[in-house]
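Reading through the structure tokens given below for one structure.
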Amino acid sequence: MYKKILLALLMVAITLGSCCKEDLDAIRADLANQAARISALEEWQKMVNINILDLQSVVSAVQGNDCVTGISELSDGSGHVITFSKSGAVTIKHGEKGAAGDKGETGDKGETGDNGDKGERRQWPFR
């Protein structure tokens, strides 16, 4: 009876011991990858929160009948500074450049309108 239990424990130990090292290495690599991704997301979140606060300032200024007195581009080209008469300046940063979207379908051909006595030139009517 003891021999069977000892043999079963020995088989379990060999089975667990043989596959553990590779599994643990893969788990550690995945954990390091996840930590790097979480760190990048936390940095992105800080930037987005700052941009949201700046945009809320712009909305508050508009609602408070504040006037824009100037807009200037940042020296590094990463955004703009909007200056208001009452509430001061707000910095708005550009996001990352996204991928180009799919080309849309071609629209229907419009109708030309009568241009009266102006000769051969035609204008597009607004509806």
Side-chain angles (χ1 to χ4, degrees):
M1 180 74 168
Y2 291 111
K3 287 183 181 181
K4 289 181 182 179
I5 293 174
L6 185 60
L7 183 61
L9 288 175
L10 183 61
M11 294 298 285
V12 168
I14 291 173
T15 303
L16 291 177
S18 65
C19 66
C20 262
K21 174 130 176 68
E22 292 81 19
D23 290 343
L24 286 177
D25 290 342
I27 290 171
R28 287 185 183 120
D30 287 344
L31 184 61
N33 183 25
Q34 293 295 327
R37 292 178 65 192
I38 289 171
S39 178
L41 282 172
E42 287 171 345
E43 288 300 316
W44 176 81
Q45 179 188 14
K46 288 177 189 176
M47 182 186 69
V48 167
N49 285 340
I50 290 169
N51 287 343
I52 289 172
L53 289 173
D54 289 341
L55 290 173
Q56 286 174 337
S57 297
V58 171
V59 170
S60 296
V62 169
Q63 289 174 342
N65 294 325
D66 201 352
C67 298
V68 174
T69 58
I71 299 175
S72 59
E73 188 171 356
L74 294 174
S75 60
D76 61 359
S78 65
H80 291 84
V81 176
I82 303 172
T83 308
F84 294 93
S85 62
K86 295 179 185 176
S87 58
V90 174
T91 302
I92 305 294
K93 296 271 190 167
H94 299 308
E96 292 183 25
K97 183 176 180 181
D102 295 334
K103 184 174 171 73
E105 295 179 19
T106 303
D108 295 334
K109 185 174 180 177
E111 299 175 16
T112 57
D114 185 14
N115 201 12
D117 61 352
K118 294 185 181 179
E120 294 295 319
R121 295 184 62 196
R122 294 183 166 259
Q123 296 177 344
W124 297 99
F126 292 103
R127 296 181 199 241

Would you give the length of the straight line joining atom [atom1] of [X] to atom [atom2] of [Y], rounded to the nearest 0.5 angstrom?
X     : Y     : atom1 : atom2 : answer
Asp30 : Asp25 : CG    : CG    : 11.0 Å
Met47 : Ile52 : CE    : CD1   : 10.5 Å
Gln34 : Leu41 : CD    : CG    : 9.5 Å

Self-check item: Cluster link Ile50 to Val48, ILVMFWY, side chain under 4.5 Å
Solution: no
Quiz prompt | Same cluster (ILVMFWY, side-chain, under 4.5 Å), Ile38 and Leu31 | solution = no
Using residues 68-82 as the side-chain source, report each donor-acceptor pair under 3.5 Å to any protein atom, sequence neighbours left out, with the distance given to one decimal.
{"residue": "Thr69", "atom": "OG1", "partner": "Thr83", "partner atom": "O", "Å": "3.2"}
{"residue": "Asp76", "atom": "OD1", "partner": "Ser78", "partner atom": "N", "Å": "3.1"}
{"residue": "Asp76", "atom": "OD1", "partner": "Ser78", "partner atom": "OG", "Å": "2.7"}
{"residue": "Asp76", "atom": "OD2", "partner": "Ser78", "partner atom": "OG", "Å": "3.2"}
{"residue": "Ser78", "atom": "OG", "partner": "Lys93", "partner atom": "NZ", "Å": "3.4"}

Quiz item: Given Val59 and Leu55, is the side-chain contact (heavy atoms from CB on, under 4.5 Å) satisfied, shown in steps?
Solution: CA-CA 6 Å; Val59 170; Leu55 290 173; 5.7 Å; no
Exercise. Give a yes or no on whether the backbone of Ala35 and the side-chain of Ser39 come within a donor-acceptor separation of less than 3.5 Å.
Key: no
Quiz item: Going through the checks in order, is the side-chain contact (heavy atoms from CB on, under 4.5 Å) test met by Lys46 and Asn49?
Solution: CA-CA 5 Å; Lys46 288 177 189 176; Asn49 285 340; 5.9 Å; no
